[in-house]
Amino acid sequence: MENYADKNFKRLEKILLSDKINIPEGFAEIVRRDIESVLSSYFELNRVRLEIIPSAAGAEITVSADASRIKTLSVGSNLD
Amino acid sequence: MAARKIVITSGKGGVGKTTVTAGLGYALAAAGFGVILVDADVGLNNLDVALGVEDRKLYDFSDILESRCRPGQALIRCGERDLFVLSSGAETPAMTAQAFRGVIESLATSCDFIFIDCPAGIENGFHRAVSAADEAVVVTNPAVSAIRDADKVLSLLTGYTLSSVGIAINRINGGKVLSGEMMSAADIARLLRRPTLGIIPEDAEILLGKTPAHNGRSEADEAFGAFADNIASRRARPYDYLSAHRGFRGFFRRRA
């Protein structure tokens, strides 16, 4: 007898994934800018890249960045 | 201490939100908690019918918002226990999300739990109901369309400030799960990736209109008790809905 449970489970995995693929336009850019803002406190950044790949388990997020220098953390401007 | 305010939602209509709200409220009241059930479905309200108190309504939510009564005066007591229902009433311009939340907050000082029975869909009624809650339970059943809509609702709920979001799986048939015809509760939980707070077996008594207040429930009683225990203790222990379908009991059930 055909196992409808397994068949429907596999159907739903595909359906739920396809529902998640439609990330709103501009969303990735908003996230990239926030990450760039945080990283720029510590690095002289050249470029920040962000990739979001929806998956059945949620999303796989990959961040990569190039920096020319690590910034010196300020120990305070008024040391009088 | 103020009541825990929990919205019962689903997205898709007909999955059993009202039944689950009524059964869960009844089980918690039976355990000694003070419970208020609020019907947020303006126009298609049925919570009073689910509890068998439809002929005792004097005032409803719209009366509170139009200042025709105080919030406590619109509550209908269900049986001997500390269980009350607040019916929704007709649509009114005064039914804003803020006003709705204000009434819920005023009721929260007088009980342990407030359950908000959310209307179907994801429009204004959904937003109004969810905005007034601190926690959410998304009800689904094993149908593919119900699970898909539950997943969409779970995504929408991430935009609200909710301390916990769990799922309840309604109308599951243990016999069909064991025979491979129906997805199991574990399969559904794996797809939706949220804690399973309640598993309610399919129960013909509910379709026959037997209400918890009239002790008409059979298979669902124990399940609602386990669900209530999970809510009260903030745990997600799975309910064994398959045991009744295994062994000799299961054999005779399948033959019936």
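Sequence lines set the chain letters: A, B, ... in the order given, protein chains first and strands last, and positions in each chain run from 1.
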Novice: Please set out all donor-acceptor pairs under 3.5 angstrom arising from side-chain atoms of residues 58-70 of chain A, sequence neighbours excluded.
Specialist:
unit_1, atom_1, unit_2, atom_2, d
Ser64(A), OG, Arg49(A), NE, 3.2
Ser68(A), OG, Glu44(A), O, 3.4

Novice: More than 12 non-hydrogen atoms from neighbouring residues, nucleotides or ligands closer than 6.0 Å to OH on Tyr160(B), yes or no?
Specialist: yes
Novice: Using heavy atoms and a sub-4.5 Å threshold, report which of residues 137-152 of chain B line up against chain A, by residue number.
Specialist: Val144(B), Ile147(B), Arg148(B), Asp151(B), Lys152(B)
Novice: Sort out for me which of Asn8(A), Ile15(A), Leu12(A) touches chain B most, counting heavy-atom pairs under 4.5 Å.
Specialist: Leu12(A)
Novice: Can you list the residues that meet the side-chain contact (heavy atoms from CB on, under 4.5 Å) rule with Asp39(B), with sequence neighbours excluded?
Specialist: Asp41(B), Asn45(B), Leu47(B), Ser88(B), Asp117(B)
Novice: Surrounding CG of Asp19(A) (heavy atoms of other residues, nucleotides or ligands, distance under 6.0 Å), is the total greater than 12?
Specialist: yes
Novice: Side chains of residues 182-189 of chain B: which donor-acceptor pairs under 3.5 Å do they make with residues two or more places apart or in other chains?
Specialist:
unit_1, atom_1, unit_2, atom_2, d
Ser184(B), OG, Ala186(B), N, 3.4
Ser184(B), OG, Asp187(B), N, 3.1
Ser184(B), OG, Asp187(B), OD2, 3.3
Asp187(B), OD1, Arg190(B), NH2, 3.0
Asp187(B), OD2, Ser184(B), N, 3.4

Novice: Report, as yes or no, whether the 6.0 Å neighbourhood of atom CG on Leu242(B) holds more than 12 heavy atoms from other residues, nucleotides or ligands.
Specialist: yes
